[in-house]
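Side chains included, hydrogens not; waters and symmetry mates left out as well; all remaining heavy atoms used.
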Amino acid sequence: MSEITHYQAFSPAEISALTIPEIIAKHGEEAAFLWLLRDNSVRAPHFALKDLAKLDERVEAHLDGLRVAGDPGWEILKKQLEEKTEPGEVFAAGVLAFESGKDDRIQEVVKFGTTSPAVSRGLVSALGWLSYDKAEKFIQRLLESEVPAVRRVGIAASAVHRQNPRRPLEQALSHADPLLKARALRAVGELGFVDLLPTVRKNLIHEDRTCRFWAAWTLALVSGDKDAVTQLQAVAESDSAHRERAVQIAARRLEPSAAKMWQRKLFQNPKQIRLAIIAAGVLGDPEAVPSLIEQMKNPPLARVAGEAFTMITGVDIAYQDLDANKPEGFEAGPTEKPEDAEVAMDTDEHLPWPKPEAIQKWWNAHQGEFAKGTRYLVGKPITPESLHQVLREGRQRERAAAALELVLRQRGSKIFEVRAPGFRQQKLLAEFAKKS
């Protein structure tokens, strides 16, 4: 972007009221804030690729303002990083540090960016923001580090670029540090490395719960290993933070009859109904629609049931006027009431409230267009062509589902990274469309 373009991140009135240092500081604050917004948006049910690309243009505009500022821009970012070591601040400082190629700046962001797994996500994202030809030498340096937290960032950065870390990945699979090992186990799945599966399989009985999960996830994803799928089912039925991720793979890898039986089992447990609804969307069989419509009458589960309905039928509930107002008195996630102990965010915040009677009427009119026993994703039978269309046109959760489905159809393939910068994804998908 040009020196003039980056000022479009602010209105003329805002610019005239600020000094140059204040403008630079504002760029840093906005870049960090927009990273947080982006971090939520890449998993959001209402965000499409074009929306992500627009948001990434805003991020890039603020980064460009910091680039134009030169050394003063870095000094302000460094100060912000010291005052508030959060992933967004690490991301903004990381992009500029790596682009500068200056060792002192890189050492500074690596020091701050490896203080915790949560904060390191900003550092990985900074390396992911750069094109691989610019990031490769820095990633290689991190992979050669003796510090597990630093090497873990190198493994993660290689994985998000879908590049092979080679020997450092193999070494990480045998490392004593559980966080490093867990990230390596996940990377094997993301990159589709069939030859490393025997090593991965040994970790199904690892003492660390997270290592066991990622070993099972990778084995089930890449090879459909039955023991791994069974383990993922157990994770889904536990209190694990990975239970929804486990459902996404286990339901896809089970034989159709076994998957439906498991989904019905989940429905029978009041604590597992949400997972059963998600599994229905994963399976994509229209025979689940009547039960989903019934769950739309239950406010805590209504929106996720609507999402599963959309996953199968492709119906945009809000666009097609099949939505309703939020039920009176219903509250989800944290509230402003001091006595309310609920602190978890509303995971269905951006999903529309379905109107069951309207959706039932739609289904009565259209159910003949769907064949029971056929798997659908966003209204179309699952085929390679339909999956690529979802990658181009779908929303983020739909796109993530399509990326998994494609991997299941080609053993040893890499998962398409739906969290990558929007402009990069658009270019990759356009190139693929030309070849096909």
Side-chain angles (χ1 to χ4, degrees), residues 38-39 42-43 49 52-53 56 91 94-95 98 120-144 151-173 180-197 199-200 214-215 217-223 245 248-249 384 387-388 390-392 394 396-436:
R38 182 186 195 281
D39 188 48
V42 293
R43 296 181 295 275
L49 177 55
L52 182 62
D56 286 346
F91 165 76
V95 171
F98 289 122
S120 70
R121 295 175 64 250
L123 191 58
V124 173
S125 188
L127 287 161
W129 193 264
L130 274 61
S131 61
Y132 185 68
D133 62 327
K134 292 181 179 177
E136 182 178 12
K137 62 181 178 182
F138 306 120
I139 293 173
Q140 192 58 42
R141 193 185 306 176
L142 298 177
L143 289 170
E144 294 169 356
R151 200 186 306 180
R152 176 165 46 81
V153 171
I155 295 287
S158 295
V160 299
H161 274 291
R162 299 299 187 253
Q163 296 292 327
N164 186 356
R166 295 175 289 278
R167 182 153 180 77
L169 177 61
E170 297 176 29
Q171 293 171 335
L173 289 172
L180 174 58
K181 175 173 281 195
R183 192 60 189 86
L185 290 165
R186 177 180 177 178
V188 173
E190 291 169 329
L191 298 169
F193 287 152
V194 177
D195 59 324
L196 293 178
L197 293 185
T199 303
V200 172
W214 286 115
W217 182 87
T218 284
L219 281 165
L221 176 70
V222 178
S223 69
R245 199 188 293 263
Q248 294 285 344
I249 302 298
L387 293 174
H388 280 104
V390 174
L391 282 180
R392 294 191 303 271
Q396 282 299 102
R397 291 184 189 174
E398 298 161 356
R399 300 180 69 236
L404 288 178
E405 293 288 347
L406 283 166
V407 166
L408 299 185
R409 280 157 177 72
Q410 187 173 353
R411 179 180 168 93
S413 60
K414 302 174 183 179
I415 304 176
F416 184 87
E417 180 55 274
V418 300
R419 302 169 301 170
F423 49 84
R424 188 176 304 150
Q425 291 190 57
Q426 289 174 327
K427 182 180 179 181
L428 285 172
L429 291 170
E431 290 174 353
F432 181 85
K434 288 180 181 178
K435 295 176 182 177
S436 58

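Across Phe423 and Ala53, no two heavy atoms sit closer than the pair N-CB, 4.5 Å. Leu391 and Ala403 get closest at one heavy-atom pair: CD2-N, 4.2 Å. Pro165 and Leu143 make their closest contact through CB-CD1, 4.1 Å (heavy atoms, listed as atom of the first residue, atom of the second, distance). When all heavy atoms are compared, the tightest approach of Gln248 to Leu404 is CB-CD1, 4.3 Å. Considering all non-hydrogen atoms of both residues, Ile155 and Leu169 come closest at CD1-CA, 3.8 Å.
Side chains of Leu127 and Val95 form no contact here, defined as non-hydrogen atoms less than 4.5 Å apart. For the pair Arg162/Ile415, a side-chain contact is recorded, criterion being any heavy-atom separation below 4.5 Å from C-beta on. Looking only at side-chain heavy atoms (C-beta outward), Phe416 and Leu406 stay at 4.5 Å or farther from each other. Residues Glu144 and Pro168 fail the side-chain proximity criterion, which asks for heavy atoms closer than 4.5 Å. Within the 4.5 Å cutoff, side-chain heavy atoms of Leu52 are placed close to those of Arg38. Residues Val222 and Val188 fail the side-chain proximity criterion, which asks for heavy atoms closer than 4.5 Å. For the pair Val160 and Glu417, the minimum side-chain heavy-atom distance is below 4.5 Å. Counting only heavy atoms from C-beta outward, the side chains of Leu197 and Thr218 approach each other to under 4.5 Å.
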Could you pull out all donor-acceptor pairs under 3.5 Å where a side-chain atom in residues 424-433 meets a protein atom, sequence neighbours excluded?
{"unit_1": "Arg424", "atom_1": "NH1", "unit_2": "Gly128", "atom_2": "O", "d": "2.7"}
{"unit_1": "Arg424", "atom_1": "NH2", "unit_2": "Gly128", "atom_2": "O", "d": "3.3"}
{"unit_1": "Arg424", "atom_1": "NH2", "unit_2": "Trp129", "atom_2": "O", "d": "2.8"}
{"unit_1": "Arg424", "atom_1": "NH2", "unit_2": "Leu130", "atom_2": "O", "d": "3.0"}
{"unit_1": "Gln425", "atom_1": "OE1", "unit_2": "Arg399", "atom_2": "NH1", "d": "3.0"}
{"unit_1": "Gln425", "atom_1": "OE1", "unit_2": "Arg399", "atom_2": "NH2", "d": "2.5"}
{"unit_1": "Gln425", "atom_1": "NE2", "unit_2": "Val418", "atom_2": "O", "d": "2.9"}
{"unit_1": "Gln425", "atom_1": "NE2", "unit_2": "Ala420", "atom_2": "O", "d": "2.8"}

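For Glu190, the side chain to side chain donor-acceptor pair (under 3.5 Å) partners at least two apart in sequence or on another chain are Arg183, Arg186.
Taking the charged nitrogens against the carboxylate oxygens, Asp39 and Arg121 do have a contact shorter than 4.0 Å, which makes a salt bridge.
A donor-acceptor contact shorter than 3.5 Å links the side chain of Ser223 to the backbone of Leu219.
To the nearest 0.5 Å, atom CD of residue Gln171 and atom CZ of residue Arg151 are 6.0 Å apart.
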